[in-house]
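First the structure, in the form of structure tokens, and then the observations on it.
One-based numbering, in listed order, for ligands and for the atoms of each.
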Amino acid sequence: MKIGIGNDHVALEMKKEIAEFLRGMGHEVIDYGADSSERCDYPVYGEKVANAVAGGDVDCGVLICGTGVGISLAANKVKGIRACVCSEPYTAKLSKCHNNTNIIAFGARVIGIETAKMIVDEWLRAEYEGGRHQKRLDMIADIEEKQR
Ligand code: RB5
């Protein structure tokens, strides 16, 4: 799978470790930055990865900031993005099975690296179930369409 990854300054080290973990699983990882620990703004990287996912440049995305909240909020502003911030693997798995999330986010200040690895592993292995869930995703897409 081709996976886009992005982060802010708080999450640089975790981003590097997760990118290596994903490469070790056989995935191609495209790093959209940030590349340094200089203070930066998470919306920049949330938007970059979200645009890459929405545009089909990558199959899905992983975003990391201090809490995962800000960077996932930014990503969710891009049409077609379903980004979920989570701190444990169960939510990550169900977010794919039921909500067909295309970006997973978490916080470098909230969870440790081993939990982060479990989250991405469960999320990538999970499959969207469709069926009754599709109607609800269509309803979410309708909300998007109603915005100007
Ligand atoms: C940066 O200080 C911090 O606000 C950011 O990493 C993130 O936690 C925002 O949601």
Side-chain angles (χ1 to χ4, degrees), residues 1-25 27-128 133 136-137 139-148:
M1 211 178 273
K2 199 169 174 180
I3 303 173
I5 196 164
N7 60 285
D8 72 358
H9 54 291
V10 175
L12 180 65
E13 291 310 315
M14 183 174 274
K15 185 274 295 285
K16 288 180 184 170
E17 287 194 57
I18 292 296
E20 274 318 294
F21 177 67
L22 291 169
R23 290 188 182 106
M25 291 171 78
H27 299 292
E28 183 182 353
V29 179
I30 312 292
D31 187 346
Y32 290 89
D35 303 323
S36 94
S37 53
E38 291 287 305
R39 184 169 294 146
C40 64
D41 300 315
Y42 57 76
V44 172
Y45 305 98
E47 184 181 13
K48 281 185 185 190
V49 171
N51 281 334
V53 173
D57 297 335
V58 295
D59 299 307
C60 61
V62 176
L63 290 173
I64 321 169
C65 65
T67 59
V69 174
I71 205 160
S72 60
L73 288 177
N76 274 316
K77 294 298 178 188
V78 174
K79 190 174 175 181
I81 292 303
R82 292 175 300 281
C84 165
V85 57
C86 59
S87 301
E88 36 71 33
Y90 181 74
T91 303
K93 178 180 176 178
L94 268 288
S95 82
K96 176 72 75 63
C97 295
H98 291 187
N99 313 112
N100 201 16
T101 43
N102 45 17
I103 290 180
I104 196 78
F106 41 88
R109 285 176 170 154
V110 180
I111 60 171
I113 186 64
E114 295 307 322
T115 303
K117 288 177 182 175
M118 287 174 72
I119 285 171
V120 292
D121 187 46
E122 284 284 339
W123 185 66
L124 289 169
R125 286 179 199 283
E127 287 185 17
Y128 176 50
H133 303 295
R136 291 132 187 187
L137 295 193
M139 290 170 75
I140 293 172
D142 285 347
I143 296 170
E144 217 168 44
E145 289 302 327
K146 282 188 265 183
Q147 305 305 303
R148 288 197 275 162

Exercise. How close does the nearest protein non-hydrogen atom get to atom 2 (O) of ligand 1, and which residue and atom is it?
Worked result: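 Here the closest protein heavy atom is Arg109 NH1, 3.5 Å.
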Exercise. What's the shortest distance from atom 10 (O) of ligand 1 to any protein heavy atom, and which residue and atom give it?
Worked result: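 Of the protein heavy atoms, Gly70 N, 2.9 Å lies nearest.
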Atoms in ligand 1 with a heavy atom of [X] nearer than 4.0 Å:
X     : value
Val10 : 1 (C), 6 (O)
Tyr42 : 5 (C), 9 (C)
Cys65 : 6 (O), 7 (C), 8 (O), 9 (C), 10 (O)

Counting both backbone and side chain atoms, is some N or O of [X] under 3.5 Å from an N or O of ligand 1?
X     : value
Asp8  : yes
Thr67 : yes
Gly66 : yes
Gly68 : no

Exercise. At their closest point, which heavy atom of Tyr45 faces which heavy atom of Leu63, and how far apart are they?
Worked result: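 In this case the closest contact between Tyr45 and Leu63 is O-CD2, 3.8 Å.
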For this session: Inspect the contact between Asp121 and Arg125 and indicate whether a charged nitrogen and a carboxylate oxygen are less than 4.0 angstrom apart.
Result: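 Counted as a salt bridge, because a side-chain N and a carboxylate O are separated by less than 4.0 Å.
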Problem set entry | Point-to-point distance, once rounded to the nearest 0.5 Å, from SG of Cys60 to CD1 of Ile103 |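 One finds 8.5 Å between SG of Cys60 and CD1 of Ile103.
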Between [X] (side chain) and [Y] (backbone), is there a donor-acceptor pair under 3.5 Å?
X      : Y     : answer
Thr101 : Ser95 : yes
Lys117 : Glu17 : no
Glu47  : Val78 : no

For this session: Report yes if some heavy atom in the side chain of Val10 is under 4.5 Å from a heavy atom in the side chain of Cys65; otherwise report no.
Result: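 The answer is no; the side chains never approach within 4.5 Å.
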